[in-house]
J.: 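For reference, the structure I am asking about is given below.
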There are 2 protein chains.
Amino acid sequence: MAQATERLQRYLDDELGECRSEDVERRLEELSTLEAGLGTAQAKAELDVLSALSSETRYTLVRVLVAAGEELCVCELQAVVDVTESGLSHALSALADAGLVESRKDGRWKKYRATNRVTALVTVLEGSVNTDE
Amino acid sequence: MAQATERLQRYLDDELGECRSEDVERRLEELSTLEAGLGTAQAKAELDVLSALSSETRYTLVRVLVAAGEELCVCELQAVVDVTESGLSHALSALADAGLVESRKDGRWKKYRATNRVTALVTVLEGSVNTDE
DNA sequence: CGGATACTTGACTACTTGCTCAATTAACTG
DNA sequence: CAGTTAATTGAGCAAGTAGTCAAGTATCCG
């Protein structure tokens, strides 16, 4: 990290035309403030959400649940993804842990639905990612 | 999949109180329509974005760039994450591939900034994921 | 030019993760 | 109650991935 600081110093020299080490300190502080931003717990939670979504199987499930706009039975979701019953269960469980789907037991069937959180997210994703590039 | 169809049939029996196999066919079609939704290419692109974001290092970089609201030099970003110079370069390259950051060469320094796409995404993420639960 | 500096690239590795199989729990049905 | 069906859980494995090291490219400077 000492090396890195030297490089930053050279960079600031270049940018500002001056070289005081207090400028380096200040910049380091600014950067760490940016990183802290909202708490680390929050960032961790966001990362959990992203990790939960970043698998083809799980993202497909989420997209279907969001598109459906209503709760779907596990056995219906089974028709949508190409994994075993067990794999599907693991996937849904991961999504539930991340707060992206909610479940309700109905007799011997179990129904899952997308939470508001993930609905908003998928909507923005679909809007911001355009294939026309 | 044959097994799965039988289960779906039993489920629809339960739900609708009727058991015609054409109902099963119809439901399967509805589900596949939901899955198709926007094209598969689009879904793939969305998944790429999610995958690119779902690593602590890369997500931290993105959050910092978004919070900064301006371009930052690689050497500044180096102060933010805990990986080698090479690891940082790999991370930035992955983000660029996903269209989440853009880079510009400035003399011997290289500067990265967040794209609009990722700014929107991070904003929604931060808004929708609240740690108060 | 030759040396230093900023950053990237490719190969390799340790770790993570998504999946399957087998066993288990829970709810309905005769 | 025993048997069947729906779904979950845990163990283990194959494939993917984030990181490091070493070497390479590109830019500046004396």
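Proteins get letters first, then strands, A, B, ... in listed order; numbering begins at 1 in each. Every heavy atom of this structure was used, including side-chain atoms; hydrogens, water molecules and symmetry mates were not.
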J.: Does B:Leu77 belong to the same Ile/Leu/Val/Met/Phe/Trp/Tyr cluster as A:Leu8, with side-chain heavy atoms less than 4.5 Å apart forming each link?
T.: no

J.: Looking at C:dT17, does its base get a donor-acceptor pair with the side chain of A:Ser51 below 3.5 Å?
T.: no

J.: Less than 3.5 Å apart, which donor and acceptor atoms pair up between the side chains of residues 62-74 of chain B and the rest of the protein, not counting sequence neighbours?
T.:
residue	atom	partner	partner atom	Å
B:Arg63	NH2	A:Glu35	O	2.6
B:Glu71	OE1	B:Arg104	NE	3.1
B:Glu71	OE2	B:Arg104	NE	3.4
B:Glu71	OE2	B:Arg104	NH2	2.4

J.: If I take atom CG in residue B:Asp14 and atom P in nucleotide D:dA6, what distance separates them, rounded to the nearest angstrom?
T.: 9 Å

J.: Judged by each residue's nearest nucleotide on DNA chain D, which is more toward the 5′ side, A:Leu92 or B:Val83?
T.: A:Leu92

J.: Assign A:Gly107 to base, sugar-phosphate, or nothing according to its heavy-atom contacts below 4.0 angstrom with the strands shown.
T.: sugar-phosphate

J.: How many whole angstroms separate atom CG of A:Asp48 from atom C1' of C:dT17?
T.: 14 Å

J.: Is any side-chain nitrogen or oxygen of A:Tyr112 closer than 4.0 Å to OP1 or OP2 of D:dT8?
T.: yes

J.: How long is the line joining CG of B:Asp13 and C1' of D:dT5, in whole Å?
T.: 14 Å

J.: Within this structure, what is the NE2-to-P distance between B:His90 and D:dG16, rounded to whole angstrom?
T.: 19 Å

J.: With a 4.0 Å cutoff (strictly under), does any side-chain N or O of B:Arg58 reach OP1 or OP2 of D:dA18?
T.: yes

J.: Measure the distance from CH2 on A:Trp109 to P on C:dT25 and round it to the nearest whole Å.
T.: 22 Å

J.: For residues A:Val124 and B:Leu53: do they belong to one hydrophobic cluster (side chain heavy atoms under 4.5 Å, members Ile, Leu, Val, Met, Phe, Trp, Tyr)?
T.: yes

J.: Among D:dT8, C:dT8, D:dT9, which nucleotide has an atom closest to any side-chain atom of A:Glu85?
T.: D:dT8

J.: Looking at D:dA7, I'd like to know if its phosphate oxygens (OP1 or OP2) sit under 4.0 Å from a side-chain N or O belonging to A:Lys105.
T.: no

J.: Tell me whether A:Thr33 contacts the main-chain N or O of A:Glu29 through its side chain, where contact means a donor paired with an acceptor under 3.5 Å.
T.: yes

J.: What about A:Ser86: does its side chain form a donor-acceptor pair under 3.5 Å with the base of C:dC21?
T.: yes

J.: Phosphate oxygens OP1/OP2 of C:dT20: is one of them under 4.0 Å from a side-chain N or O of A:Thr84?
T.: yes

J.: Which residue, A:Leu8 or A:Ala91, contacts DNA chain C at a nucleotide closer to its 5' end, judged by nearest heavy atom?
T.: A:Leu8

J.: Any base atoms under 4.0 Å from B:Thr57, or only sugar-phosphate, or nothing? Heavy atoms, all strands.
T.: sugar-phosphate

J.: Give the cluster check for A:Val24 versus B:Val80: same hydrophobic cluster or not, with ILVMFWY residues linked at side-chain heavy-atom distances below 4.5 Å.
T.: no

J.: In whole Å, I'd like the distance from the CD atom of A:Gln9 to the C1' atom of C:dT5.
T.: 15 Å

J.: Using atom CZ of B:Arg108 as one end and atom P of D:dT27 as the other, report the distance to the nearest whole Å.
T.: 12 Å

J.: Give the rounded distance in Å between these two atoms: CZ of A:Arg7 and C1' of C:dT8.
T.: 11 Å

J.: With nearest nucleotides of DNA chain D determined for B:Gly87 and A:Lys111 from heavy-atom distances, which residue corresponds to the more 5′ nucleotide?
T.: A:Lys111

